[in-house]
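Remarks on the structure that follows.
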2 protein chains.
Amino acid sequence: MAKLQKSIDKRNALIKATIELVNNSGFHATPMSKIAKMANVSPATIYLYFENKQDLVNQAYLEVKTKYTDFVFKTYNERASVKTGFELIWKRIAEFNINECEYSFFLNQCNNTPIIDEPSRKEGIRHLQPLLDLWERGKKEGVIKPISDYILYAYSINPISYLMIAQKQGEFELTKVHVEEAFLTAWDSIKR
Amino acid sequence: MAKLQKSIDKRNALIKATIELVNNSGFHATPMSKIAKMANVSPATIYLYFENKQDLVNQAYLEVKTKYTDFVFKTYNERASVKTGFELIWKRIAEFNINECEYSFFLNQCNNTPIIDEPSRKEGIRHLQPLLDLWERGKKEGVIKPISDYILYAYSINPISYLMIAQKQGEFELTKVHVEEAFLTAWDSIKR
DNA sequence: TAAAAAAGAATGAACATTCATTTTTATTTC
DNA sequence: GAAATAAAAATGAATGTTCATTCTTTTTTA
């Protein structure tokens, strides 16, 4: 009698292939057969690991989102000043976007199009709770503008994704200098 | 012998249906048959007006993009100060996004995913030439930060799209007050 | 050796596009 | 101004393909 032994490697390869193919062609233009081929697996095998195509993408999304938040808050220290705390988080976000741009592009596509289930997406910004808490504190201390979190996010965090896309499309190269400029710009936009 | 008399109304209805359906389901999840039905037309008729599905979307994109830039620069006056000029343009962009959110959502989806031909997209930011010229002047006058246009765009213009999406997903409502806050934030982020 | 895992081929649905006809339109002829 | 007509415009029904998913068989594993 055999134990349940589905290979985690195969699952990972499938998720990886999905991300890469969806990044380059979009969800509906990516056939399961191609995902299978890229993961060196038969199409039928995908269904041992995932219910169906939608489930595969949802799981890819949640997995990448988790990697993202884990990375972003790893170095965060609640006792730092608001400005320092913001810098810690912002720079980690930038680092993730630059070093894992396959992931960040994928997240971005999921956030901007209707490919992900509402339930799977609803988690959304809530993953960023520590950042929201930091802003709350900043507003109380009078260091951060007393405006909606959505606006703070739109101006200080979302631009990073935009710059990644511009870079992916080869219009722009995101250098160290740019990152520093972008950080200062982000801070200028939300500081009181 | 009859004159060429393809109905502009029909063409418009097809473009409108395409925008609405692509907004809600994405390009590949929108069948031609549905577009036809929504435009009250037979599927075969689409091919009298457009070469194929890709051509239909490309044309929709270019048409909306043109509407956008026409609207945005309509009130612009080259002789205004940099700050005033920026405010004129920014507020028109915001107005367009709010009043024509079907259009702005569509443009955003085209800019963030691989559904549009590279050639059709390449026009991209270049449509915004007057804004780029204004920034150039602002940098010379020492009023605008001397940083890449991509960064200026990412921080002062792109956030509007993000806020639109948040609104479309029902997470947020973009009120007059928010628009004013957002404008000041945009200016803070790019002013020297 | 028995159960799980994997595979390739088969199935059936959905879809973009084309085809063969019908309908509309505008002009011409009386 | 009505009837005739020829070309464009529009249509609904094919066509052929692509694809997600399932089925049956083979291979691997414990």
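The sequence lines fix the lettering, A, B, ..., with proteins before strands; numbering per chain opens at 1. Since this is a predicted model, take the numbers as computed values, not measurements.
Mapped onto DNA chain D by nearest heavy atom, A:Ala29 and B:Ser42 fall at different nucleotides, with B:Ser42 at the one closer to the 5' end.
Contact check, B:Lys10 against D:dA10: a side-chain N or O comes under 4.0 Å of OP1 or OP2. For the OP1/OP2 pair of D:dA9 and a distance below 4.0 Å, the side-chain nitrogens and oxygens of B:Tyr49 include no atom meeting the criterion.
Nearest nucleotide to the side chain of B:Thr45, out of C:dG8, C:dA6, D:dA10: D:dA10. The A:Leu48 side chain lies nearest to C:dA5 when the options are D:dT11, D:dA10, C:dA5.
A:Phe50 places its CZ atom 15 Å from the C1' atom of C:dA5, with the value rounded to the nearest Å. In this structure, A:Asn40 places its CG atom 13 Å from P of C:dA6, rounding to the nearest Å. Rounded to a whole Å, the NZ atom of A:Lys37 is 13 Å from the P atom of C:dA7. If you measure from atom CD1 of B:Ile46 to atom P of D:dG12, you get 13 Å, rounded to the nearest angstrom. Atom pair A:Leu14:CG and C:dA6:C1' shows a separation of 12 Å (rounding to whole Å applied).
Between A:Phe86 and A:Trp187, the ring-plane angle classifies as tilted under the 30° and 60° cut-offs. Using bins of under 30°, 30° to 60° and over 60° for the plane-to-plane angle, the ring pair A:Phe96/A:Phe71 lands in the tilted bin.
Ring centroids of B:Phe172 and B:His178 are separated by less than 6.0 Å, placing the two rings close together. A centroid separation of less than 6.0 Å is found between the aromatic rings of B:Tyr162 and A:Tyr153.
Other residues, nucleotides and ligands contribute at most 12 non-hydrogen atoms within 6.0 Å of the NZ atom of A:Lys16. Atom CZ of B:Phe105 has more than 12 neighbouring heavy atoms from other residues, nucleotides or ligands inside a 6.0 Å radius. Around the NZ atom of B:Lys91, the shell of radius 6.0 Å holds more than 12 heavy atoms that belong to other residues, nucleotides or ligands.
The CG atom of A:Asn112 sits 10.5 Å away from the CG atom of A:Leu107 when rounded to the nearest 0.5 Å. The structure places OH of B:Tyr61 at 6.5 Å from SG of B:Cys110, a figure rounded to the nearest 0.5 Å.
Listed here is the closest heavy atom pair of B:Leu174 and B:Gln167: N-OE1, 2.6 Å.
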Table of protein N/O atoms under 3.5 Å from nucleotides 21-24 of chain D N/O atoms:
| unit_1 | atom_1 | unit_2 | atom_2 | d |
| --- | --- | --- | --- | --- |
| D:dT21 | OP2 | A:Tyr47 | OH | 2.7 |
| D:dT21 | OP2 | A:Lys53 | N | 3.0 |
| D:dT21 | O5' | A:Tyr47 | OH | 3.3 |

N/O contacts under 3.5 Å, protein versus nucleotides 12-14 of chain C?
none

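Within residues 16-28 of chain A, no residue has any heavy atom under 4.0 Å from DNA chain D.
Using a 3.5 Å distance cut-off with no hydrogens or angles, the side chains of A:Asn24 and A:Glu20 do not pair a donor with an acceptor.
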